[in-house]
Amino acid sequence: MNVAVLAHLDDRARSLCREGLIDDVVQWRVSDAEAPEWRDVYRDCEIVFGTIPASWIPRLNALRWLQLESTGFEYYRDSAAEISRRGILVTNLRGQFAEPAAETALAGALSLMRGVSVLSRGRQERRWQSLEVRPGTTLLARSNALVLGAGAIGGHVRHLLEAFGARVQSFARSSPRAELHDLTSLDAALPGADLVISCLPSTPGTRLLFDRERLARLSRSAVIVNIGRGDLIDEEALADALEAGEIGGCVLDVTQEEPLPPTSRLWAAPGAVLTQHTGGGHRDELADKAAYFLANLARWKTGEPLDGQVDVRLGY
Ligand SMILES: NC(=O)c1ccc[n+]([C@@H]2O[C@H](COP(=O)([O-])OP(=O)(O)OC[C@H]3O[C@@H](n4cnc5c(N)ncnc54)[C@H](O)[C@@H]3O)[C@@H](O)[C@H]2O)c1
Ligand SMILES: O=C(O)[C@H](O)CO
């Protein structure tokens, strides 16, 4: 077997791979992965662990399985036809980010709903704001929450929200775990939502789902959180709504362009919390990624189905 490990790893993750791959022929290149000469080295690899540039796929003639080091398949959208035609199996790290991403979503929502984001800014001025800052949103325990996506992250977000006492409805295309399955029922639910948390992938079906019209359905105190992908929301319309006080606030872990350009109005918009795509991060992240790949590799060797299989046709 010829395996290339191109993922970004730390020492612990690298030594996990070294132990786990002892019987396999392994090519190790992490930091030099972008160097053109390596593309020739990897030509014979059947298995690649890493989010390689899509432009490499035509040159990786022997590739049979690509294990991504993230969940996003959108970078490969233009290669989907080739991936299908060549029968390349693509797996992502589905499930790996459920807990950290859900905790970030709730941390952001709570910091807005409990006034923490405003109060922590006051520290710089050493100003006691107890009487000025009274959160304008409801308690999480009394809120109506909408979770968009009922997969690994959406499922865990729902679990946490319910533990806080929120009344939750989920929106997902076909999941039996969701109550809302189409845009008509989503639109009907939006005006009554205190909190909307999106955990949707980037696909042609989710792009700009929150356009100006849909944002306008939210109540003046509603908080919208995006932990999925940044192309879900029309950012100009969102900045307009925040500046006009038409919604209560937003928590964006992801944005259309990353890093968010310094010129974006969202940096200064009232009620915006920007967690800057840190949602999936935690101390053991890279070791967990390596362990996910190694568990899948063990399944590959015994012919068992792999975890995190991407439906190339659906794009996630
Ligand atoms: N912020 C971060 O750090 C971070 C970390 C991991 C993943 N993500 C993003 O979150 C996304 C979701 O991750 P996951 O592991 O929960 O994925 P998943 O595949 O387990 O779940 C995706 C869910 O979205 C639903 N869905 C997809 N398209 C839809 C549509 N058009 N309409 C309605 N529902 C639709 C599916 O039915 C499913 O319930 C990833 O694709 C990735 O883009 C972000
Ligand atoms: O897609 C993912 O896995 C996360 O956004 C981290 O990059």
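Whatever order the structure lists ligands and atoms in, that order sets their numbers, starting from 1. In this chain, numbering begins with 1 at the start of the sequence shown.
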Any donor-acceptor N or O pair under 3.5 Å, side chains Thr184, Asp187: no
Side-chain H-bond candidate by donor/acceptor type, Asp253 with Thr104, under 3.5 Å: no
Nearest non-hydrogen protein atom, atom 25 (C) of ligand 1: Leu200 CD2, 3.9 Å
Sidechain N-carboxylate O distance under 4.0 Å for Asp182, Arg173: no
Under-4.0 Å heavy-atom contact with ligand 2, by part of Arg229 that carries it: side chain
Region of Glu74 that comes within reach of ligand 1 [heavy atoms, distance under 4.0 Å]: neither
Nitrogen or oxygen of Ile227 less than 3.5 angstrom from that of ligand 1: yes
contact_flag Gly228 ligand 1 heavy-atom lt 4.0 Å: yes
Atom 42 (C) of ligand 1 [closest protein heavy-atom partner, distance rounded to 0.1 Å]: Thr71 OG1, 3.3 Å
Minimum-distance protein heavy atom relative to atom 4 (C) of ligand 2: His277 NE2, 3.7 Å
Salt bridge Arg217-Glu246, side-chain N to carboxylate O under 4.0 Å: no
Phe73 to ligand 1, any heavy atom closer than 4.0 Å: no
salt_bridge(Arg212, Glu236) N-O dist < 4.0 Å: no
Atoms in ligand 1 flagged as close to Gly280, the criterion being non-hydrogen separation under 4.0 Å: 3 (O)
Interfacing atoms of ligand 1 (cut-off 4.0 Å, heavy-atom, Phe97): 5 (C), 6 (C)
Parallel, tilted or perpendicular: ring planes of Phe293 versus Trp65, cut at 30 and 60 degrees: tilted
Enumerated ligand 2 atoms positioned under 4.0 Å from heavy atoms of Gly72: 1 (O)
Residue pairs passing the ring pair (Phe, Tyr, Trp, His ring centres under 6.0 Å) test where at least one lies in residues 139-170, sequence neighbours excluded: His156-His159
Heavy atom of the protein closest to atom 36 (C) of ligand 1 (residue, atom name, distance): Tyr316 OH, 3.4 Å
Heavy atoms of other groups near Asp311 CG, more than 12 under 6.0 Å: yes
Atom 3 (O) of ligand 2: the protein heavy-atom neighbour that sits closest, reported with distance to 0.1 Å: Thr71 N, 2.6 Å
Min N/O separation Thr278 to ligand 1 under 3.5 Å: no
Donor + acceptor pair across side chains of Gln309, Thr91 (<3.5 Å): no
Non-hydrogen atoms of Ile227 and Ala105 that approach each other most closely: CD1-N, 4.2 Å
Asp284 with Arg12: basic N within carboxylate O range, under 4.0 Å: yes
Test of proximity, Ala172 against ligand 1: N or O pairs below 3.5 Å: no
Enumerated ligand 1 atoms positioned under 4.0 Å from heavy atoms of His277: 1 (N), 2 (C), 3 (O)
Structural part of Ser175 in contact with ligand 1, heavy atom criterion under 4.0 angstrom: neither
Arg173 N/O under 3.5 Å from ligand 1 N/O: yes
Ala101, portion touching ligand 1 at heavy-atom distance under 4.0 Å: neither
Heteroatom distance test (Phe97, ligand 2): nitrogen or oxygen, under 3.5 angstrom: no
Cys199 near ligand 1 by a heavy-atom separation under 4.0 Å: yes
Shortest non-hydrogen contact between Ala150 and Ala178, atoms and distance: CB-CB, 4.4 Å
Nearest-neighbour protein heavy atom for atom 41 (O) of ligand 1, which is reported as residue plus atom name and distance: Pro201 CB, 3.2 Å
Within reach of ligand 1, part of Asp253 (heavy-atom separation under 4.0 Å): side chain
Closest approach of any protein heavy atom to atom 19 (O) of ligand 1, naming residue and atom: Arg94 NE, 3.1 Å
Residue and atom name of the nearest protein heavy atom (relative to atom 15 (O) of ligand 1), distance in Å to one decimal: Ala152 CB, 3.6 Å
Test item, Ala150 contacting ligand 1 (heavy atom, 4.0 angstrom): yes
Side chain to side chain donor-acceptor pair (under 3.5 Å) partner of Glu125, the single match among Arg123, Arg127, Gln129: Arg127
Nitrogen or oxygen atoms of Gly151 and ligand 1 under 3.5 Å apart: yes
Whether over 12 other heavy atoms sit under 6.0 Å from Arg299 CZ: yes
Top protein contact for atom 16 (O) of ligand 1, by heavy-atom distance: Ile153 N, 2.9 Å
side-chain hydrogen bond (donor to acceptor under 3.5 Å, both in side chains) between Ser202 and Arg77, intermediate numbers included: CA-CA 10 Å; Ser202 165; Arg77 205 171 278 151; 3.0 Å; yes
N-O pairing of Asp307 and Arg94 below 4.0 Å: no
Within reach of ligand 1, part of Arg229 (heavy-atom separation under 4.0 Å): side chain
Residue pairs fulfilling ring pair (Phe, Tyr, Trp, His ring centres under 6.0 Å) with at least one residue in residues 232-283, sequence neighbours excluded: none
Shortest protein heavy-atom distance from atom 31 (N) of ligand 1, along with the residue and atom involved: Thr206 CG2, 3.7 Å
